[in-house]
Novice: 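Have a look at this one.
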Amino acid sequence: MDPHLLRTFVAVLDHRSFSGAAAALGYTQSAVSQHIAALEADLGSRLVERRPVAPTPAGARLLEHAPALLLRLDAARADIARLHQARPTRLTVACSPAALGATVARSLADLRAAAHSLDVEVGVMGRDAALAEVLAGRADLGFVDGAAAPSDPLPMPDLGPMTTLAAGEETLAVLFPHDHPLAGRRAVRLSDLAQAQWIDASDTAVPLDRLRAVCRAEGFRPRIRHRGTDLHGLAALTAAGHGLTALPLSVAAALPGIAAVPVSAPRLVHRTELVHPANPVAPARQLADLLTTRGPAAHSGRR
């Protein structure tokens with residue numbers, strides 16, 4: 001399967017337009033049409049309805065595979081490129097919002113103090129986007145967060161030749177409006193909140209499907225959806241009664257208008273992990289070494 005044709009296919013369905021895909025990819029509209037026709041001929045199935053532009057059942061099935069396939073191709077290209085590209089004075093970091101906490105910030109400061117000429121760039125984005133940035137070589141390393149049992153690694157997708165390292169663990173908390181009946185509790189059980197209204201904020205807070213998995217219970221249904229990486233905006237939605245959300249206690253305690261109540265059961269922590277390629281640039285390796293000495297007992301391994 002030609003990856004150029006597959007990229008065109010994804011772009012057409014992302015834009016729901018042949019002309020939009022052509023503009024985004026720098027092709028003519030005729031070339032885009034030819035790419036789709038060639039891919040359909042290769043797979044022996046019609047993939048895209050033309051009027052209006054939409055995936056056929058076969059196209060919808062291919063769309064489930066395409067982003068992961070293209071990301072792995074980008075990851076392979078970036079992995080080879082890193083063998084020949086030394087960047088000892090620059091470090092690009094991709095972070096999910098709640099992962100960019102005090103431990104990561106202090107370690108970056110220590111790294112800059114040890115390498116005065118180091119140029120550091122930090123980007124904040126959703127977890128999946130942060131992982132994709134590292135895999136594709138657009139970021140030298142990433143920090144992602146989530147909920148896990150103490151000392152357990154976060155569940156991760158198939159990342160290829162990547163290394164993960166524990167960068168921090170702390171108390172997980174549920175955010176309530178101040179006038180909520182449970183806002184004054186010393187601790188809460190997540191299973192008791194399964195039928196509550198929640199905010200679906202998968203880029204920023206603990207994803208609701210993760211809460212279902214750790215509680216082994218249905219529920220945790222979203223009342224509204226929050227897209228983006230604005231922690232203060234998420235807190236404002238919680239404070240106004242739109243739904244509950246789960247964040248690390250240190251982050252939640254700094255947000256206005258809400259009460260942060262620690263989770264007592266199931267036994268969980270909020271965990272932050274560093275992710276970097278198997279052959280990281282020197283500053284990324286130095287930062288990993290700093291976190292090993294500063295952070296909790298680390299889980300490190302190839303994934």
Side-chain angles (χ1 to χ4, degrees), residues 94-104 124-131 142-157 159 164-176 182 185-223 225-231 234-235 237-238 243-255 258-275 291 295-301 303:
C95 290
S96 55
L100 187 53
T103 298
V104 171
V124 179
M125 60 202 72
R127 293 175 191 83
D128 291 344
L131 290 171
F143 289 97
V144 294
D145 69 287
S151 300
D152 278 0
L154 296 177
M156 293 274 194
L159 301 178
T164 61
L165 177 76
E169 286 187 358
E170 64 169 295
T171 302
L172 182 68
V174 175
L175 278 61
F176 295 92
L182 301 179
R185 290 282 185 91
R186 296 182 61 183
V188 291
R189 296 168 53 91
L190 275 178
S191 57
D192 293 339
L193 302 173
Q195 301 309 314
Q197 297 291 336
W198 288 79
I199 299 174
D200 177 11
S202 57
D203 285 338
T204 308
V206 177
L208 299 186
D209 58 357
R210 180 63 179 153
L211 297 184
R212 294 185 201 104
V214 297
C215 290
R216 299 179 182 178
E218 294 300 317
F220 300 99
R221 300 301 178 191
R223 187 174 188 179
R225 291 173 173 81
H226 171 277
R227 294 290 175 260
T229 58
D230 180 8
L231 287 165
L234 178 59
L237 291 171
T238 298
L244 311 181
T245 191
L247 285 169
L249 183 60
S250 65
V251 171
L255 295 172
I258 53 91
V261 182
V263 172
S264 60
R267 191 162 172 257
L268 295 172
V269 294
H270 178 269
R271 182 177 172 95
T272 299
E273 289 190 0
L274 179 153
V275 183
L291 284 164
H299 164 84
S300 181
R303 299 216 184 176

Novice: Does Q195 use its side chain to pair, donor to acceptor, with the backbone of G219 at less than 3.5 Å?
Specialist: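 No; zero donor-acceptor contacts below 3.5 Å.
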Novice: A side-chain contact here means heavy atoms from C-beta on lying under 4.5 Å apart; do L190 and P266 qualify?
Specialist: yes
Novice: Backbone N or O of A147 within a donor-acceptor pair of the R210 side chain at under 3.5 Å?
Specialist: yes
Novice: Flag the pair V251 / H270 as yes when at least one side-chain heavy-atom distance between them is below 4.5 Å, and no otherwise.
Specialist: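 A side-chain contact is absent here, since even the closest heavy-atom pair is not under 4.5 Å.
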Novice: Search all heavy atoms of V104 against all heavy atoms of A99 and return the closest pair with its distance.
Specialist: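 V104 and A99 have their closest heavy atoms at CG2-O, 3.5 Å.
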Novice: Measure across A246 and L172 and return the closest heavy-atom pair with its distance rounded to 0.1 Å.
Specialist: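 Heavy atoms of A246 and L172 come nearest at CB-CD1, 4.4 Å.
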Novice: Side-chain contact test, heavy atoms from C-beta onward, threshold under 4.5 Å: evaluate it for L208 versus R221 and give yes or no.
Specialist: no
Novice: Roughly how far, to the nearest 0.5 Å, is the OG1 atom of T164 from the CG atom of L274?
Specialist: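 OG1 of T164 is found 8.5 Å from CG of L274.
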Novice: Would you name the heavy atoms of A98 and T272 that are closest together and state the gap between them?
Specialist: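 Taking every non-hydrogen atom into account, O-OG1, 4.5 Å.
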Novice: What's the shortest heavy-atom distance between S264 and A187, and which atoms?
Specialist: CB-CB, 3.7 Å
Novice: So does D230 have more than 12 non-hydrogen atoms from other groups sitting under 6.0 Å from CG?
Specialist: yes
Novice: To check you understand the geometry: which heavy-atom pair defines the closest contact between A235 and I258, and what is its length?
Specialist: O-CG2, 3.5 Å
Novice: With a 4.5 Å limit on heavy-atom distance, are the side chains of L182 and V261 in contact?
Specialist: no
Novice: Between T103 and E170, is any pair of side-chain heavy atoms under 4.5 Å apart?
Specialist: no
Novice: Calculate, to the nearest 0.5 Å, the distance between atoms CZ and OG1 belonging to R127 and T229 respectively.
Specialist: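 Atom-to-atom, R127:CZ and T229:OG1 are 11.5 Å apart.
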Novice: Show the nearest heavy-atom pair for residues S96 and G126, with the distance to one decimal.
Specialist: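 Looking at all heavy atoms of both residues, the shortest contact is CB-C, 4.5 Å.
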Novice: Just how far is it from atom CG of D145 to atom CG of L100, taken to the nearest 0.5 Å?
Specialist: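 Interatomic distance, D145 CG to L100 CG, rounded to 0.5 Å: 10.5 Å.
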Novice: Out of the candidates L175, V206, V174, only one should pair with L247 under the side-chain contact (heavy atoms from CB on, under 4.5 Å) rule; please name it.
Specialist: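 It is L175; the other options fail the test.
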Novice: Between P150 and R271, is any pair of side-chain heavy atoms under 4.5 Å apart?
Specialist: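 They are not in contact (no side-chain heavy atoms under 4.5 Å apart), so the answer is no.
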Novice: If the test is side-chain contact (heavy atoms from CB on, under 4.5 Å), which one of D209, D203, T204 qualifies with P207?
Specialist: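 Going through the options one by one, the only one that passes is D209.
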Novice: Counting only heavy atoms from other residues, nucleotides and ligands, does the tally under 6.0 Å from CZ of R212 exceed 12?
Specialist: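 Yes, because the 6.0 Å sphere around CZ of R212 holds more than 12 heavy atoms from other groups.
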Novice: Is any side-chain heavy atom of H226 closer than 4.5 Å to a side-chain heavy atom of T245?
Specialist: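 Side chain of H226 against side chain of T245, heavy atoms only: no contact under 4.5 Å found.
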Novice: Could you grab the distance from atom CG of L211 to atom OG of S191, nearest 0.5 Å is fine?
Specialist: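 Nearest 0.5 Å value for the CG-OG distance: 11.5 Å.
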Novice: Taking side chain as C-beta onward, heavy atoms only, is L193 less than 4.5 Å from F176?
Specialist: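 When only atoms from C-beta onward are counted, F176 and L193 do touch, with a gap below 4.5 Å.
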